[in-house]
Protein chains: 4
Amino acid sequence: MAKLDKRSEIVRAAVQIIADQGFHGSPMAMIAERAGVAAGTIYCYFESKDILIKELYREIEGKLLEALRVGYQTERPIRERFLHLGINFLKYFVAHPLESKYMEQFHNSPYGVDLRRGRFAKEFKDDDLLYLELFEQGVAQQVIKDLPTILLFALAFGPVITLTRDHILGFIELDDALIEKTIAACWDGIKR
Amino acid sequence: MAKLDKRSEIVRAAVQIIADQGFHGSPMAMIAERAGVAAGTIYCYFESKDILIKELYREIEGKLLEALRVGYQTERPIRERFLHLGINFLKYFVAHPLESKYMEQFHNSPYGVDLRRGRFAKEFKDDDLLYLELFEQGVAQQVIKDLPTILLFALAFGPVITLTRDHILGFIELDDALIEKTIAACWDGIKR
Amino acid sequence: MAKLDKRSEIVRAAVQIIADQGFHGSPMAMIAERAGVAAGTIYCYFESKDILIKELYREIEGKLLEALRVGYQTERPIRERFLHLGINFLKYFVAHPLESKYMEQFHNSPYGVDLRRGRFAKEFKDDDLLYLELFEQGVAQQVIKDLPTILLFALAFGPVITLTRDHILGFIELDDALIEKTIAACWDGIKR
Amino acid sequence: MAKLDKRSEIVRAAVQIIADQGFHGSPMAMIAERAGVAAGTIYCYFESKDILIKELYREIEGKLLEALRVGYQTERPIRERFLHLGINFLKYFVAHPLESKYMEQFHNSPYGVDLRRGRFAKEFKDDDLLYLELFEQGVAQQVIKDLPTILLFALAFGPVITLTRDHILGFIELDDALIEKTIAACWDGIKR
DNA sequence: TATGAATGAGAGTTCATTCAT
DNA sequence: TATGAATGAACTCTCATTCAT
């Protein structure tokens, strides 16, 4: 119990602080203090700051993926599936601002570059595959524009990323209606 | 002249190194060495590292704005003006990878957040105004979707930002044809 | 039995690791792991790392002393006894590289200084006495040079220590013939 | 002036503290404090603690070598040259206890092992060559025992090293007479 | 204006030891 | 007796900034 408690306290503290201040503004000592543990304790659970950061990302990504899959049906039409994924994506981030900020920090850092590099090298994760499959089928069915997958990714995700950031910073209040309009507009961007 | 020389050497060196290694991977001493000046000399021109970073951004943004304005005609149709801006935007970044990387680093950092916060607080810069005006006219003419301006920004810029990053990392080779298709797709996203 | 087992596992592990990596390269946790016990368990048998290290030395020294006494006869001539001790000494170390390395580490450290300090203060151990007696008799019989005992120690042991180190590091392969020649040369150094 | 002053203050402080407490008992902060400089200042002159330690050794070894060469004449008989070197060696260490202790610490550490390894691999330094040449000529002239050079080193140096340690620790007071007797005894050990 | 040696706070990490179980 | 998670002081090293020259 104590073990799980400490670990999750550390995770909670780390996500909070890093989401807020970025990796460089988050000394291990500060994370430890916020978690209510000693500095050395973090190293009982995570080998290094680097590994902590990557592990945090993996956990958050996992939860996001779960949320995306809820109610997702492969046999439905391309458009419907795209809207489902996009809307769930945005809703998840709106509902989980801390995780959202963390992912933002992660992607906008050398870690994110490494991640993208891996994906570009075809080392895809499950959630990449979800979209990859969708785009490929869409292109094949001539429903989606015949553009490089990476470009389709950019057209579909770029607005979502930017908007998430705006929402986090309080520049816009995203409600369900706005979320649906946004994803619909993204669909307009990629649909044929 | 010697004064201007040193200053511009510092600017050049700083952009180069920061574009490559990020703010935290760019000690002042390294910038000084690359610029061929002493460490203390930087402080004759820039009060602090923070101010250097912001000033660098201001200069780069200025050059970008100039590029956007070339051939831009307020009296042309909304769509045409949007394509002009978007295409020039992407072309500028493709042609200026160093500046592009620098802006990327800047936006993906606490500095970028400050910048956006300022803009949200209606402290707009010239290039914001360019787009602001375009979107407002487009909405009024019922050519562009009736969405909050900030959302239109996201729909129009999100893909561009994401794509620029992919290009910088070498994940996609952007030629003129692809650039035009991309911006056209962005237009599809915001047009009514 | 379980108690003895754990203790000797700890001793075995500690000698192994310390012989290999020195005192500072041998965290208690590593010793515990190698011994197959928990980190805290070591403290059931040894009050502290310091005490563990000293106790290890005592045990190894004891075994060495035993080896020296085998076949040692007080009534034989000085030279013969000296050769016996020296040769057995070297042979023991060659046959027990782990113990040899451990003693090397021990002597070349603040622990070794303390040990020597104790001996200088006339707190002799059994094996010191063995040599002490031999040298005193040798000087009395005018077979050994009339020099301070400590100098005779240095003349007799210095080469042996240095050579053991060379052997451990693989710089020389000591066989029985070479060992005998070495000790004979040491005798030349102290004999009248 | 200030530059040289600081550097030599650091060197002085480092040799003092390390001679006394060993490498692990000598934090950089303590060295800095003793030298009267800030912690970071050491890194203006030495890249790392490792490099500081090695550089210190190099400087001390250089001074020792100089002392050995004073009055050394290649054309004199083997025995005379051997006595010259050995006596100067001991006298130097007796006169420079700090340097002596430092070399002791160095040799009895992984650094020393690396050094010896290099020498074993025939990367000899000047002072090695001095002895190497002497031993080879001695063996060729049938004045010195026909043993591997490394063994001759051990026979000649082992007593000196051990004795130096004893002297440093205050176990014996080495005066010129005793030094001469010691080196003469070492000669007895290697002479044919 | 220009220098660059010097500063020192603060970073990540290690590890002997403790103690509740 | 045995555990091993937890501790926290101490370590090496970095780097933005200062200031005497």
Side-chain angles (χ1 to χ4, degrees), chain A residues 1-7 10 23-33 35-52, chain B residues 2-3 6-7 10 23-33 36-52, chain C residues 2-3 6-7 10 23-33 36-52, chain D residues 1-7 10 23-33 35-52:
Chain A
M1 190 190 91
K3 182 180 168 180
L4 270 176
D5 271 6
K6 299 248 175 193
R7 206 198 115 101
I10 291 165
F23 300 121
H24 291 285
S26 306
M28 294 298 262
M30 191 189 284
I31 293 171
E33 196 189 21
V37 302
T41 305
I42 300 180
Y43 293 86
C44 294
Y45 298 98
F46 304 94
E47 259 179 65
S48 68
K49 193 178 184 183
D50 239 65
I51 284 177
L52 168 65
Chain B
K3 178 181 166 180
K6 298 235 177 193
R7 206 197 113 102
I10 291 166
F23 300 119
H24 292 283
S26 306
M28 294 296 263
M30 193 189 283
I31 293 170
E33 197 192 21
V37 302
T41 306
I42 299 180
Y43 291 86
C44 296
Y45 298 98
F46 304 94
E47 253 179 72
S48 68
K49 194 180 184 181
D50 242 63
I51 285 176
L52 168 65
Chain C
K3 179 180 165 179
K6 299 235 177 193
R7 206 197 113 103
I10 292 166
F23 299 120
H24 292 283
S26 307
M28 294 297 263
M30 192 190 284
I31 292 171
E33 197 192 20
V37 302
T41 305
I42 299 179
Y43 291 85
C44 295
Y45 297 98
F46 304 93
E47 253 179 74
S48 69
K49 193 179 184 180
D50 242 63
I51 285 177
L52 168 65
Chain D
M1 190 189 94
K3 182 179 167 180
L4 270 176
D5 270 6
K6 299 245 175 195
R7 205 197 115 103
I10 291 166
F23 300 120
H24 291 284
S26 306
M28 294 298 262
M30 190 188 284
I31 293 171
E33 197 189 20
V37 301
T41 305
I42 300 180
Y43 292 87
C44 295
Y45 298 98
F46 305 94
E47 261 180 64
S48 67
K49 193 178 182 180
D50 239 64
I51 285 177
L52 168 65

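Quick note on labels: first sequence line is chain A, next is B, and so on, each numbered from 1.
Of the candidates E:dT13, E:dT3, E:dT17, E:dT13 carries the atom nearest the A:Tyr43 side chain, counting heavy atoms from C-beta on. The side chain of D:Ala38 has E:dG8 as its nearest neighbour among F:dC13, E:dG8, F:dT1. For D:Lys49, the side-chain atoms get nearest to F:dT12 when compared with the rest of F:dG4, E:dA2, F:dT12. For D:Met28, the side-chain atoms get nearest to F:dT12 when compared with the rest of F:dT12, F:dT17, E:dT3. Nearest nucleotide to the C:Lys6 side chain, out of E:dT7, F:dA2, E:dA11: F:dA2. Considering only side-chain atoms of C:Tyr45, the nucleotide from F:dT1, F:dA5, E:dT17 that sits closest is F:dT1. Of the candidates E:dT3, F:dT7, E:dA6, F:dT7 carries the atom nearest the A:Thr41 side chain, counting heavy atoms from C-beta on.
Ranked by how close their nearest DNA chain E nucleotide is to the 5' end, C:Glu47 and D:Ile42 are led by D:Ile42. In terms of position along DNA chain F, the nucleotide closest to A:Cys44 lies nearer the 5' end than the nucleotide closest to the other residue of the pair A:Cys44 and B:Gly40. Residues C:Phe23 and B:Ala39 both approach DNA chain E. Their nearest nucleotides, taken by heavy-atom distance, put B:Ala39 toward the 5′ side.
Straight-line distance from the CD1 atom of A:Ile10 to the P atom of E:dT13: 14 Å, rounded to whole Å. One interatomic measurement links the two molecules: NE2 of A:His24 to P of F:dC15, which rounds to 10 Å at whole-angstrom precision. The separation between A:Arg7 atom CZ and F:dG4 atom C1' is 17 Å, rounded to whole Å. Atom CE in C:Met30 sits about 16 Å away from atom P in E:dT17, given to the nearest Å. When the P atom of F:dG4 is taken as reference, atom CG of A:Asp5 falls 19 Å away, rounded to whole Å. When rounded to the nearest whole Å, the span between CG of C:Asp50 and P of E:dC15 equals 16 Å. A:Phe46 has its CZ atom 18 Å from the C1' atom of E:dT14, to the nearest Å. With rounding to whole Å, C:Leu52 atom CG is found 15 Å from E:dC15 atom C1'.
Base-pair partner of E:dT21: F:dA2 (Watson-Crick or G-U wobble, both distances under 3.5 Å).
In terms of modelled atom types and a separation under 3.5 Å, the side chain of D:Lys6 and the main chain of D:Tyr45 share no donor-acceptor contact.
Among all heavy-atom pairs drawn from A:Lys49 and A:Phe23, the shortest one is NZ-O, 3.0 Å. Closest of all the heavy-atom pairs between D:Ala39 and D:Ala32 is CA-CB, 3.7 Å. Residue A:Ile31 comes nearest to A:Ile42 through the heavy atom pair CG2-CD1, 3.9 Å, listed as atom of the first residue, atom of the second, then distance. When all heavy atoms of A:Met28 and A:Tyr43 are compared, the pair lying nearest together is CE-OH, 3.5 Å.
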